[in-house]
Amino acid sequence: MEKVLMLWENSGLYNLSVLQLIMIVVCLGLLYLAIAKKFEPLLLLPIGFAGILANVPEAGLALSAMEQAMYHFDANTMQAVANELGVALTATSDAGNKAILLDALKGVDDPAVRAKVSSLISAAGYSDGFLYTFYSLLVATGIAPLMIFLGVGAMTDFGPLLANPRTLFLGAAAQFGIFATVLGAVGLTALGVVDFSLGQAAAIGIIGGADGPTAIYVSSMLAPELLGAIAVAAYAYMALVPIVQPPIMRALTSEKERAIVMTQLRPVSKREKIIFPLAVLGLVALFLPAASPLLGMFCLGNLMRECGVVERLSDTAQNALINIVTIFLGLAVGSRLIADLFLTVETLGIMALGIVAFAIGTASGVIMAKIMNRLSKMPINPLIGAAGVSAVPMAARVANKVGLEANPQNFLLMHAMGPNVAGVIGSAVAAGVMIMYLG
Amino acid sequence: MEKVLMLWENSGLYNLSVLQLIMIVVCLGLLYLAIAKKFEPLLLLPIGFAGILANVPEAGLALSAMEQAMYHFDANTMQAVANELGVALTATSDAGNKAILLDALKGVDDPAVRAKVSSLISAAGYSDGFLYTFYSLLVATGIAPLMIFLGVGAMTDFGPLLANPRTLFLGAAAQFGIFATVLGAVGLTALGVVDFSLGQAAAIGIIGGADGPTAIYVSSMLAPELLGAIAVAAYAYMALVPIVQPPIMRALTSEKERAIVMTQLRPVSKREKIIFPLAVLGLVALFLPAASPLLGMFCLGNLMRECGVVERLSDTAQNALINIVTIFLGLAVGSRLIADLFLTVETLGIMALGIVAFAIGTASGVIMAKIMNRLSKMPINPLIGAAGVSAVPMAARVANKVGLEANPQNFLLMHAMGPNVAGVIGSAVAAGVMIMYLG
Amino acid sequence: MEKVLMLWENSGLYNLSVLQLIMIVVCLGLLYLAIAKKFEPLLLLPIGFAGILANVPEAGLALSAMEQAMYHFDANTMQAVANELGVALTATSDAGNKAILLDALKGVDDPAVRAKVSSLISAAGYSDGFLYTFYSLLVATGIAPLMIFLGVGAMTDFGPLLANPRTLFLGAAAQFGIFATVLGAVGLTALGVVDFSLGQAAAIGIIGGADGPTAIYVSSMLAPELLGAIAVAAYAYMALVPIVQPPIMRALTSEKERAIVMTQLRPVSKREKIIFPLAVLGLVALFLPAASPLLGMFCLGNLMRECGVVERLSDTAQNALINIVTIFLGLAVGSRLIADLFLTVETLGIMALGIVAFAIGTASGVIMAKIMNRLSKMPINPLIGAAGVSAVPMAARVANKVGLEANPQNFLLMHAMGPNVAGVIGSAVAAGVMIMYLG
Amino acid sequence: MQDTELLREGFNLMLLGMGFVFVFLTLLVIATTLMSLIIQRFFKPAETAATNLPGKSGSAATADGQQANIVAAITAAIQQHRKRR
Amino acid sequence: MQDTELLREGFNLMLLGMGFVFVFLTLLVIATTLMSLIIQRFFKPAETAATNLPGKSGSAATADGQQANIVAAITAAIQQHRKRR
Amino acid sequence: MQDTELLREGFNLMLLGMGFVFVFLTLLVIATTLMSLIIQRFFKPAETAATNLPGKSGSAATADGQQANIVAAITAAIQQHRKRR
Ligand code: NA
Ligand code: NA
Ligand code: NA
């Protein structure tokens with residue numbers, strides 16, 4: 001029966017491409033890392049799962065209606081689209097004609113023509129895949145990363161930072177990883193290895209900020225085509241912090257430096273904790289409006305946490321809301337793991353540059369801490385400089401652990417939380433500069 | 001004063017049609033069943049309530065802006081729409097002119113004309129009712145049923161199924177109810193009793209899957225005009241499982257068969273539970289991409305449950321998220337209980353066919369279990385076959401209860417949970433076949 | 001370097017206008033009231049915070065893409081828009097040309113031209129600010145206030161009202177504050193002090209309803225340009241109830257009246273509590289369809305609370321859902337605190353009229369209670385009339401407190417809860433009348 | 001709209017609005033009273049529910065209840081213990 | 001569509017659908033059985049998990065567990081106390 | 001964009017970005033230090049709050065606190081009991 005044949009010809013097995021198979025294996029690898037190795041599972045699990053869904057052949061869950069029409073390339077529909085666009089499908093292959101159409105679509109600036117094409121596509125029975133819908137509603141608009149930032153703000157305690165504000169410099173220094181990586185990406189392009197634009201280079205650099213939602217937010221604005229690879233790199237390397245950082249930290253410090261005991265943090269009053277997020281907001285408003293969405297939501301979350309009068313909102317931001325958004329964000333980001341977008345030389349470049357960014361950020365933080373230790377009377381253990389890359393609270397724990405190796409009575413955790421949360425502010429500021437410069 | 005008159009002429013009492021009154025009574029009946037009889041109250045309560053709201057005269061809460069304009073049929077606005085569409089309102093009655101306009105609207109394929117008509121309607125002060133907005137955002141896009149499936153996946157324990165995978169056959173057999181009903185619907189059409197298309201027949205059949213979100217998902221795709229009746233039938237009959245199933249189960253089995261004691265289930269390892277949802281996803285990806293949204297979300301929820309590393313996401317999927325989506329889904333589905341859509345001969349047909357579907361599904365499951373009992377060495381109590389229709393966990397409890405009548409020491413609950421959850425997979429697969437065949 | 005200059009020219013400090021600075025100070029004042037004085041912090045905190053964000057110079061977080069383009073007024077883009085609209089930018093200043101364009105845009109009724117203009121704006125790199133997006137999705141559509149009403153319904157106990165239904169009259173009388181204020185607003189316009197339309201007057205009057213979500217809902221429909229000021233006035237005055245009401249209550253009652261002891265409330269059966277929301281819905285459906293969204297959601301929430309079979313939905317409506325919506329609603333409402341919209345003479349008029357509305361509502365409730373006390377055999381303490389303005393449960397507590405001053409053994413709290421919740425119904429009915437009359 | 005016209009409209013809205021609010025709530029008083037009478041006459045009063053404070057969410061109540069249970073459990077355990085001594 | 005055509009289509013859908021459902025679930029039986037065999041052979045059975053009832057949310061379980069802990073704590077405290085007497 | 005141009009742009013971005021990050025965080029250090037000084041001087045230190053670990057949600061803290069309360073209650077009850085013996 002021809003119907004059984006149709007079933008077979010529509011099956012995944014019949015249509016599975018090698019690239020899709022590779023992507024599915026890659027995504028299974030992400031799931032393995034998330035589940036067995038506990039690599040940032042809250043995001044890598046939904047990302048990996050959605051990555052598999054995005055590569056289910058024929059389902060087109062991560063494609064827009066237009067992309068699906070292009071994929072199936074039904075002759076009649078495509079001829080109608082070509083007529084509307086005023087081009088002739090003169091190529092001998094579907095791939096050639098597809099290129100002609102995509103080219104013509106890019107050149108269209110009359111919204112009436114775009115509406116007509118959409119209408120033709122829709123009439124032919126194509127509609128946006130559900131993962132694509134999540135992506136366009138939640139990530140392309142920036143809403144999901146902002147909501148995550150709200151929740152992260154509500155989970156963040158700035159107490160250690162307020163007790164020792166100088167640690168903000170460590171959070172600043174560690175952002176050098178971001179900008180050095182931008183230069184690296186640009187350099188690789190100059191060498192002809194890959195081909196990154198400045199916007200793409202900036203989005204790759206932000207991986208060095210060690211801050212998932214910031215990386216997603218920036219790359220959704222400056223390089224949406226790289227979002228999948230950048231998000232995967234950011235979360236994977238954040239999980240690798242306990243492996244990547246210690247050798248660098250040990251190489252740059254002496255045993256004696258690592259054993260430095262820091263003076264105990266003073267208690268911080270509630271009033272200071274309430275005013276701090278407002279002070280950050282004020283500075284952002286005055287000096288870097290481009291960072292105001294990210295840092296605004298972060299500060300709102302923190303104000304809700306500290307003010308003590310909206311506990312039910314703070315609880316919701318830390319639990320129900322951030323969890324719901326995390327599920328959708330993971331699915332949306334995973335939808336960008338489509339084989340065509342991910343399996344490129346650029347992805348390898350991103351992975352390589354991302355780890356370099358982490359390493360440079362760590363080193364910069366440590367070196368800055370050593371400099372501050374020289375200049376200041378109050379002792380600073382250089383290990384806490386490494387926590388300036390953010391990756392809250394993993395990097396602070398790493399600093400604590402490496403410190404305990406040198407001096408088993410020296411608990412650095414609280415001291416490292418200062419630069420750790422400073423790093424979040426620092427990378428959001430860096431993100432703002434990039435968006436303003438390139439956006 | 002004419003203003004008081006206006007108030008009266010805009011009141012519900014003045015405008016209440018007999019059909020709307022009947023629908024309100026029907027919806028009160030649904031609320032009674034939900035509250036007093038505990039018939040699937042989580043959905044029937046919001047559905048029934050929204051059904052009342054949808055039939056509040058003049059409010060137009062369940063109508064689009066266009067439908068509201070058609071309902072009020074303001075002469076000037078409608079003349080402007082007719083001019084835009086290039087038709088003349090030659091009929092003598094509003095109803096006739098309405099038909100002319102609706103006909104012309106269907107024929108429009110230029111999106112510019114549609115945009116112009118929308119603009120006229122909007123300028124005349126009509127806007128989408130809020131229930132219509134919920135429907136178009138959450139049900140027409142399929143998002144709400146998918147989110148429900150995510151939560152259901154996170155609530156499902158595949159342990160009993162994994163301990164005895166053969167029970168999957170029972171879940172397969174019970175889907176015969178679905179397809180037999182499709183044939184029934186087509187047959188009624190051939191007899192001229194009702195007029196169902198093949199897509200509508202398929203959507204009706206899926207009631208036999210005894211799975212609310214699957215039924216809503218399929219009918220939103222294949223027969224949105226029947227969605228209200230189908231959803232009501234699906235949930236009402238799921239609640240009736242304890243009444244519908246036992247006589248069929250008793251009729252098809254002997255006392256001795258009902259007393260069969262099954263061997264105790266082996267404990268299932270965490271690893272198996274983690275891999276199972278991935279295995280299901282893999283098979284879906286390879287053989288039935290059309291089922292990948294439904295089963296994908298189901299498997300993601302289950303993986304979140306079992307993997308043990310994303311408990312906060314799993315908790316949210318099972319609680320805050322599924323509850324929020326249930327409220328909105330109920331309201332959206334209830335908005336399809338508009339009198340014009342619901343009070344038709346087709347609804348009676350759907351109600352009749354739905355109960356037939358449940359009965360056939362139950363019978364098929366029991367018969368399959370009897371066959372398996374013959375062929376296999378391991379004893380299978382045929383009662384657990386009835387649980388294959390899904391209706392989790394009601395059908396499993398029914399199997400347990402009927403089993404206890406025959407043998408008061410024989411607890412079948414855990415054994416029946418296997419086919420019960422297999423039925424969920426089975427009907428999602430059946431849904432996928434139908435969507436692929438007809439979509 | 002010119003790049004550093006660009007950073008400076010894009011900074012907030014360089015672009016900060018005096019009006020924005022004033023608004024930021026006003027919003028800091030709101031935050032102070034919310035945090036230090038506990039003035040309705042659940043809403044005033046996010047409103048105040050979003051108000052600051054909305055006035056961050058250059059960020060345009062609360063502006064649509066079009067408004068941002070108008071703000072920056074890039075010569076080339078605006079010339080292209082002018083060409084598309086068929087007008088000439090003949091004014092000598094940007095401000096003059098802006099006025100020409102805004103005028104032309106208002107006159108456009110061809111959606112194709114609007115689409116073209118949007119396309120030009122979008123191609124020039126402008127996009128909607130995220131607060132604007134929240135506003136247009138959640139407030140302009142009415143969805144957020146409706147969801148709040150669902151949660152408020154689920155939190156409301158109609159027991160005291162059902163035990164003494166006559167207190168509904170008190171909830172009716174207190175709405176006189178609403179309509180007297182409408183007259184006041186219209187009067188101020190007649191005197192030439194301000195310039196309010198009838199719709200705006202109605203939206204201002206609703207402040208006297210002492211019900212935040214109702215005020216936001218009505219003003220989003222009848223006077224969106226005043227929404228910020230109206231919402232701030234409504235919530236601020238609700239918080240001021242303990243200061244505003246007592247003097248009025250004391251002035252209108254004798255010591256003896258304030259000491260009146262009321263007969264204890266009878267216990268109310270579950271069945272009455274279940275039927276009551278359906279009765280309200282029925283009356284709304286029959287007599288005031290325009291109020292059916294607000295009261296429909298309110299009654300659904302209450303039915304979920306009382307029916308006892310959907311506790312998980314009721315819990316979610318009272319917690320996760322209402323909290324999430326409150327955060328977004330606060331942000332969206334706060335986005336209307338843009339300097340241009342807020343710093344007008346009208347805002348001063350709104351603030352003045354709002355407090356008058358509260359005072360008149362309080363007085364009407366007390367006087368009505370005194371009248372009822374004369375006419376009825378059952379004693380009614382006139383203080384509970386003041387609770388008829390709603391502001392649940394603050395106004396009831398105020399009545400209780402003032403009552404205790406006169407008679408330390410006389411607990412009026414439960415008696416005052418009746419008119420208190422009646423006031424919620426009353427102002428929703430008033431809102432419905434206004435929307436029907438003017439919408 | 002002229003000022004006098006606007007004033008008249010405002011006045012109309014006030015009359016109509018207050019009138020409607022009173023009519024509506026009067027109907028509600030009647031409906032509620034009837035409903036209560038019918039229910040109290042025809043159904044057993046077994047299932048009366050205590051009048052709860054509004055705004056107190058179910059979960060909060062549960063938490064309180066749980067804490068109360070714990071206190072009760074401790075108290076009972078201690079008292080039982082004393083008796084046995 | 002003519003009636004006989006519609007009927008035939010319905011019949012086709014039934015055959016195809018039931019066929020596919022059985023094929024798919026048979027594959028799933030095979031895959032599951034193989035998976036279980038491999039896991040049971042190559043991995044230690046240390047980490048077997050009890051078969052929970054579906055529909056029981058994690059949080060509920062936690063709450064129960066907490067309550068159980070409390071009861072256990074009280075019991076232990078009382079017993080320890082008795083011994084010491 | 002030519003390669004050298006791109007490289008120069010990247011370099012500019014690095015200088016500008018790091019410069020801005022340092023300027024911004026330096027301002028924040030100054031603002032924070034000033035704020036703390038003012039608050040410590042002009043307000044009583046009564047309401048100091050313990051420095052909590054970040055990432056610990058309010059509800060978790062509450063739960064812990066509750067459990068701690070219970071343990072404290074049990075301990076107190078037992079000790080009181082002992083004394084009375
Ligand atoms: Na960072
Ligand atoms: Na099923
Ligand atoms: Na009110």
I need the A/L198 CG to F/E5 CD distance, nearest 0.5 Å. 9.5 Å
For the residue pair A/S269 and F/I39, what are the closest heavy atoms and their distance? OG-CG2, 3.7 Å
Region of A/A430 that comes under 4.5 Å of a non-hydrogen atom in chain F: both
Heaviest contributor of heavy-atom pairs below 4.5 Å to chain F, chosen from A/L283, A/V182, A/N420, A/L286, is A/L283
Under a 4.5 Å heavy-atom cutoff, which of A/T189, A/V433, A/L183, A/L438 has the most pairs with chain F? A/L183
Restricting to non-hydrogen atoms, name the atom on A/G426 and the atom on F/V21 that form the minimum distance, rounded to 0.1 Å. O-CG2, 4.2 Å
So, the part of A/A173 with a heavy atom under 4.5 Å from chain F: the answer is both
Distance, nearest 0.5 Å, that separates OG1 of F/T32 from CD1 of A/I275: 11.0 Å
Side-chain contact, heavy-atom cut-off 4.5 Å: A/F169 with F/L25? no
Does any backbone or side-chain atom of A/V152 lie under 4.5 Å from a heavy atom of chain F? Answer side chain, backbone, both or neither. neither
Using heavy-atom distances under 4.5 Å, tell me whether F/M18 contacts chain A through its side chain, its backbone, both, or neither. both
CZ on F/F43 to CD on A/E272, rounded to 0.5 Å: 10.5 Å
Value for CG (F/L13) from CZ (A/F179), rounded to nearest 0.5 Å, stands at 6.0 Å
Nearest heavy atoms of A/Y437 and F/L16, plus distance in Å: CD1-CD2, 3.3 Å
Can you say whether A/F158 sits under 4.5 Å from chain F via the side chain, the backbone, both, or neither, judging by heavy atoms? neither
What are the two closest non-hydrogen atoms of F/S36 and A/R266, and how far apart are they? OG-NH2, 3.3 Å
Exactly one candidate in A/V284, A/L161, A/L168, A/V429 meets side chain to side chain contact (heavy atoms under 4.5 Å, CB included) with F/L28; the answer is A/L168
With only heavy atoms counted, which part of A/S314 is less than 4.5 Å from chain F, the side chain, the backbone, both or neither? neither
If I take atom CZ from residue F/F20 and atom CG from residue A/L288, how far apart are they, to the nearest 0.5 angstrom? 4.5 Å
